[in-house]
Amino acid sequence: MSQATISPATQTVHWHSAPAPASTQTATQPQRWSVDAIQALLDLPFMDLLFQAQSVHRQHWPVGEIELATLLSVKTGGCPENCGYCPQSAEFDTGVKAEKLMSVEEVTRAAKAAQDAGATRFCMGAAWRAPKDRDIEKMNELIGAVKGLGLQTCATLGMLQPHQAQSLREAGLDYYNHNLDTAPEYYQDVVSTRQYQDRLDTLAAVRGAGISVCCGGIIGMGEEVVHRAGLMAQLANMEPYPESVPINSLVPVPGTPLADSEPVDPLDFVRVIAVARITMPKARVRLSAGRQQLGEAVQTLCFMAGANSIFYGDKLLVTGNPDVEADVQLLRKLGLRGLQTQAAA
Ligand code: SAM
Ligand code: DTB
Ligand code: SF4
């Protein structure tokens, strides 16, 4: 093993007792990932980092299996929040029009098509700051219909109260996506209409309702490496850490405040995927938005680094994604395969 390889098993380099951010530390918590330890991982020689991530991946996951998750924007645009990356905020002139919630029939048709194309998870996104109870009732119908097809269900609807999370769970929701996006200290540079703590409160409501947590962030918003480490520390120190961790590369959308962000070095994006795999070995790490701009070679490195899920389908929420045929070809070229559908498994 090279000098630079950091192994969790040795507990010498990155598991240590350095204090975690005071805002999230409790007396009963076991040893946690410090921001410094994660930054040390991000700073490893690239090959050492990738080797370590791939080794962790093989200890915890079948080799070559990739989850295919399809997204659908069931309620697009007109959002009152001002997330600096988002084309759906009503504050920015991005050309995205506000639409009504889609019908059960439309959503069922889209979910069936995704399933026929090989997806096993279907994620419904709504551009709400926080849904009203009557929105939750309508979402429950959509969730029931998608679940009825035998797909895993996921939703991302903004901030939730505990009783709303409970209601979604009872309707059959498997996962709730709610991203922390970046480190706490960089958050207000990205969005000012809510606080980091609001995100944590919703995540607690989701966890409390027994829904699996899907939580990750975005790379390429002008953040420093320490902020990437801060985000990963927040995720990895959750108890338990999220079952799904989407890592997005910023899709710069004209009209949003972050449209002119300095593009991230693709290899630095791969590093974050590797660190997600090492610090959250059993999480499904999703290579999420931004695949169109990454190209095949960098995506391959992401799989090497431990990514085992992608968004699959021609569209994310409102921006583009590699088309299904291109993804099928890429997986075939790499000898990777999608998970079996639940109905077939
Ligand atoms: N309104 C809900 C919320 O904010 O939680 C759900 C939808 S929101 C679009 C879901 C996530 O998509 C965001 O938290 C962010 O991480 C990601 N996202 C949005 N726009 C993006 C962009 N332009 N590039 C990369 N990721 C983006
Ligand atoms: C996540 O982490 N990324 C997805 C999903 N969760 C909801 C959304 C990506 C959105 C990219 C820009 C757009 O199309 O709106
Ligand atoms: Fe609204 Fe979500 Fe977009 Fe923020 S990310 S503006 S909350 S839809």
Side-chain angles (χ1 to χ4, degrees), residues 69-92 94-96 98-99 121-131 135 139 153-160 175-182 186-187 190-196 198-203 205-206 213-223 231 235 242 244-261 263-264 269 272-273 276 283-294 307 309-322:
T70 295
L71 271 175
L72 179 67
S73 180
V74 296
K75 196 270 163 234
T76 302
C79 183
E81 300 270 29
N82 67 355
C83 311
Y85 46 76
C86 185
Q88 301 199 69
S89 167
E91 269 194 36
F92 316 139
T94 62
V96 173
E99 290 170 17
R121 192 183 295 191
F122 194 72
C123 180
M124 292 167 272
W128 287 318
R129 176 170 203 271
D135 297 324
M139 282 308 306
T153 54
C154 178
T156 180
L157 316 173
M159 290 184 273
L160 291 185
Y175 291 81
Y176 195 79
N177 168 248
H178 201 66
N179 290 341
L180 289 176
D181 283 335
T182 189
Y186 194 63
Y187 200 64
V190 175
V191 46
S192 65
T193 49
R194 58 166 186 257
Q195 307 291 312
Y196 210 73
D198 295 326
R199 301 303 271 184
L200 296 171
D201 291 347
T202 289
L203 291 167
V206 168
V213 170
C214 172
C215 182
I218 307 180
I219 307 305
M221 300 192 293
E223 75 283 349
L231 166 67
L235 297 171
S244 289
V245 178
I247 307 291
N248 298 277
S249 172
L250 177 73
V251 179
V253 180
T256 59
L258 291 173
D260 297 322
S261 300
V264 69
F269 181 78
V272 177
I273 298 265
R284 216 167 248 295
V285 175
R286 182 168 310 113
L287 168 54
S288 302
R291 285 198 300 122
Q292 270 185 327
Q293 71 221 33
L294 289 179
S309 176
I310 56 172
F311 282 128
Y312 177 68
D314 305 355
K315 219 166 150 195
L316 291 165
L317 290 173
V318 301
T319 66
N321 197 41

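Order of appearance sets the numbers: ligands from 1, and atoms from 1 within every ligand. Everything quoted here is computed from the prediction, not taken from an experiment.
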Mark up the atoms of ligand 3 that fall under 4.0 Å of a heavy atom belonging to [X], in ascending order.
{"X": "A127", "answer": "8 (S)"}
{"X": "Y85", "answer": "5 (S)"}
{"X": "E81", "answer": "1 (Fe), 4 (Fe), 6 (S), 7 (S)"}

Within the 4.5 Å heavy-atom criterion, are [X] and [Y] side-chain neighbours or not?
{"X": "N179", "Y": "N248", "result": "yes"}
{"X": "Y85", "Y": "V190", "result": "yes"}
{"X": "V206", "Y": "H178", "result": "no"}
{"X": "R194", "Y": "C83", "result": "yes"}
{"X": "L231", "Y": "Y187", "result": "no"}
{"X": "R286", "Y": "C214", "result": "yes"}

For a quick test of reading the model, state the closest non-hydrogen atom pair linking [X] to [Y] and the distance between them.
{"X": "L160", "Y": "A205", "result": "O-CB, 4.1 Å"}
{"X": "P87", "Y": "V318", "result": "CG-CG2, 3.4 Å"}
{"X": "Y312", "Y": "T70", "result": "O-OG1, 2.6 Å"}
{"X": "G216", "Y": "L235", "result": "CA-CD1, 4.0 Å"}
{"X": "C79", "Y": "A127", "result": "CB-O, 3.5 Å"}

Short list, please: which atoms of ligand 1 are under 4.0 Å from a heavy atom of [X]?
{"X": "D181", "result": "14 (O), 15 (C), 16 (O)"}
{"X": "S249", "result": "25 (C)"}
{"X": "W128", "result": "1 (N)"}
{"X": "L250", "result": "24 (N), 25 (C)"}
{"X": "N248", "result": "16 (O), 25 (C), 26 (N)"}
{"X": "H178", "result": "5 (O)"}

Q) For ligand 2, which part of L71 has a heavy atom less than 4.0 Å away: the side chain, the backbone, both, or neither? A)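 The answer is the side chain of L71.
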
List the closest protein heavy-atom neighbour of [atom]: residue, atom name, distance to the nearest 0.1 Å.
{"atom": "atom 4 (C) of ligand 2", "value": "F311 CE1, 3.6 Å"}
{"atom": "atom 4 (Fe) of ligand 3", "value": "C83 SG, 2.2 Å"}
{"atom": "atom 13 (C) of ligand 1", "value": "Y85 OH, 3.7 Å"}
{"atom": "atom 9 (C) of ligand 1", "value": "L317 CD1, 3.3 Å"}
{"atom": "atom 6 (N) of ligand 2", "value": "N177 OD1, 3.2 Å"}
{"atom": "atom 8 (C) of ligand 2", "value": "L317 CD1, 3.8 Å"}
{"atom": "atom 12 (C) of ligand 2", "value": "T319 OG1, 3.5 Å"}
{"atom": "atom 7 (C) of ligand 1", "value": "T156 OG1, 3.8 Å"}

Any atoms of ligand 2 less than 4.0 Å from a non-hydrogen atom of [X]? List them with their elements.
{"X": "N248", "result": "1 (C), 2 (O), 3 (N)"}
{"X": "T156", "result": "7 (C)"}
{"X": "P246", "result": "2 (O)"}

Q: Tell me, please: is G158 in heavy-atom contact with ligand 1, that is, under 4.0 Å?
A: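 Heavy atoms of G158 do come under 4.0 Å of ligand 1.
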
Q. For P246, is the nearest heavy atom under 4.0 Å from an atom of ligand 1?
A.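 Under 4.0 Å: no for P246.
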
Q: Can you confirm whether something in the protein, heavy atoms only, sits under 4.0 Å from atom 2 (Fe) of ligand 3?
A: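 Given the 4.0 Å cut-off, atom 2 (Fe) of ligand 3 does not count as touching protein heavy atoms.
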
(Q) Is P87 close enough to touch ligand 2? Criterion: a residue heavy atom under 4.0 Å from a ligand atom. (A)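 Checking ligand 2 against P87, which is what was asked, there is a heavy-atom contact under 4.0 Å.
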
Q) Is it true that N179 lies under 4.0 Å from ligand 2, counting heavy atoms only? A)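 Yes, N179 has a heavy atom closer than 4.0 Å to ligand 2.
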
Shortest reach to [atom] by a heavy atom, considering only [options]:
{"atom": "atom 24 (N) of ligand 1", "options": "V251, V253, T256", "value": "V251"}
{"atom": "atom 1 (N) of ligand 1", "options": "A126, A130, C79", "value": "A126"}
{"atom": "atom 12 (O) of ligand 1", "options": "T182, N179, L71", "value": "N179"}

Q) Between R194 and ligand 3, which part of the residue brings a heavy atom under 4.0 Å of the ligand: side chain, backbone, both or neither? A)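 Side chain only.
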
Q. Is there a nitrogen or oxygen of V318 sitting under 3.5 Å from a nitrogen or oxygen of ligand 2?
A.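 In this structure, V318 places an N or O atom under 3.5 Å from an N or O of ligand 2.
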
Q | Flag for R121-S244: side-chain donor and acceptor within less than 3.5 Å | A |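 Result is yes, a qualifying pair exists.
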
Q) Do any N/O/S atoms of C86 come under 2.8 Å of atom 3 (Fe) of ligand 3? A)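 Yes.
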
Q) For T193, does its backbone N or O pair with a side-chain atom of N82 as donor and acceptor, under 3.5 Å? A)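 Checking the backbone N and O of T193 against the side chain of N82, a donor-acceptor pair under 3.5 Å is found.
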
Q. So which of E81, M159, M139 actually passes side-chain contact (heavy atoms from CB on, under 4.5 Å) with W128?
A.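 For W128, the side-chain contact (heavy atoms from CB on, under 4.5 Å) check succeeds only for M139.
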
Heavy atoms only, cut-off 4.0 Å: how does [X] contact ligand 1, side chain, backbone, both, or neither?
{"X": "C83", "result": "neither"}
{"X": "S288", "result": "neither"}
{"X": "I218", "result": "side chain"}
{"X": "R199", "result": "side chain"}
{"X": "E81", "result": "neither"}

Q: Compute the shortest N/O to N/O distance between N177 and ligand 1 and return yes if it is under 3.5 Å, no if not.
A: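 Not met; the criterion fails.
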
